[in-house]
Amino acid sequence: MPKVKAEKSTTQSAQETFNKIKHMLESDKDLRKFDPNLACTFNESTMTGTAKGSQFKADMKVTSKGGGSHVEIEVDLPLMLTPVKGMVQSTLQKKLDTILS
């Protein structure tokens, strides 16, 4: 399976970053276009989450880093979606850049 990774460091607290990412994964319309069956589960205590759709699986984790935090989202795509790997990565990166700037 091809993997797509998007990450971003920010000066925001880990909890604030986790809440923003959680809201994005649960409600973003652009992400729902990739797979309308997207279902997310989150673990508040470890600041991790999983998003599963019919076409992919994604893992998210937020960690404290210095005076801020770092978020990492890794998506596993099936082989048939390899041609859209770049589009998925750029969409995720733009979303992270927008909500964490």
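Computation of the quantities below employed the complete heavy-atom set of this structure, encompassing side-chain atoms and omitting hydrogens, waters and symmetry-equivalent molecules.
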Subject >> Approximate separation, where rounding is to 0.5 Å, of Q15 CD and E44 CD >> reply: 6.0 Å

Original post:
If every non-hydrogen atom of K85 is compared with every non-hydrogen atom of P2, which pair is closest and at what distance?
Top reply: CD-CB, 4.3 Å

Subject >> Point-to-point distance, once rounded to the nearest 0.5 Å, from CD1 of I99 to CD of Q12 >> reply: 8.5 Å

Original post:
How far does CG of N43 sit from OG1 of T50, to the nearest 0.5 angstrom?
Top reply: 9.0 Å

Original post:
Where do D28 and K95 land on the side chain to side chain contact (heavy atoms under 4.5 Å, CB included) test, with the steps shown first?
Top reply: CA-CA 9 Å; D28 190 85; K95 297 287 180 188; 3.1 Å; yes

Original post:
What distance separates S69 OG from K61 NZ, expressed to the nearest 0.5 Å?
Top reply: 13.5 Å

Subject >> Min side-chain heavy-atom separation M60-F18 under 4.5 Å >> reply: yes

Original post:
What is the distance from atom CD of Q93 to atom OG1 of T98, rounded to the nearest 0.5 Å?
Top reply: 10.0 Å

Subject >> Separation of D97 CG from T10 OG1 (nearest 0.5 Å) >> reply: 10.5 Å

**OP:** Using a 4.5 Å cut-off on heavy atoms from C-beta on, say whether the side chain of V75 contacts that of L92.
**Re:** yes

Original post:
Got K20 and L100 here, is their nearest side-chain heavy-atom distance under 4.5 Å?
Top reply: yes

**OP:** Determine, for D76 against K57, whether the closest basic-nitrogen to carboxylate-oxygen distance falls under 4.0 angstrom.
**Re:** no

Original post:
Tell me, do E7 and H70 make a side-chain contact under 4.5 Å, heavy atoms counted?
Top reply: yes

**OP:** Measure the shortest side-chain to side-chain distance between F56 and V88 over non-hydrogen atoms and say whether it is less than 4.5 angstrom.
**Re:** no

Original post:
I73 versus Q89: any side-chain heavy-atom pair under 4.5 Å?
Top reply: no

**OP:** Measure from the side-chain N and O atoms of E72 to the backbone N and O of A6, and report whether any donor-acceptor pair falls under 3.5 Å.
**Re:** no

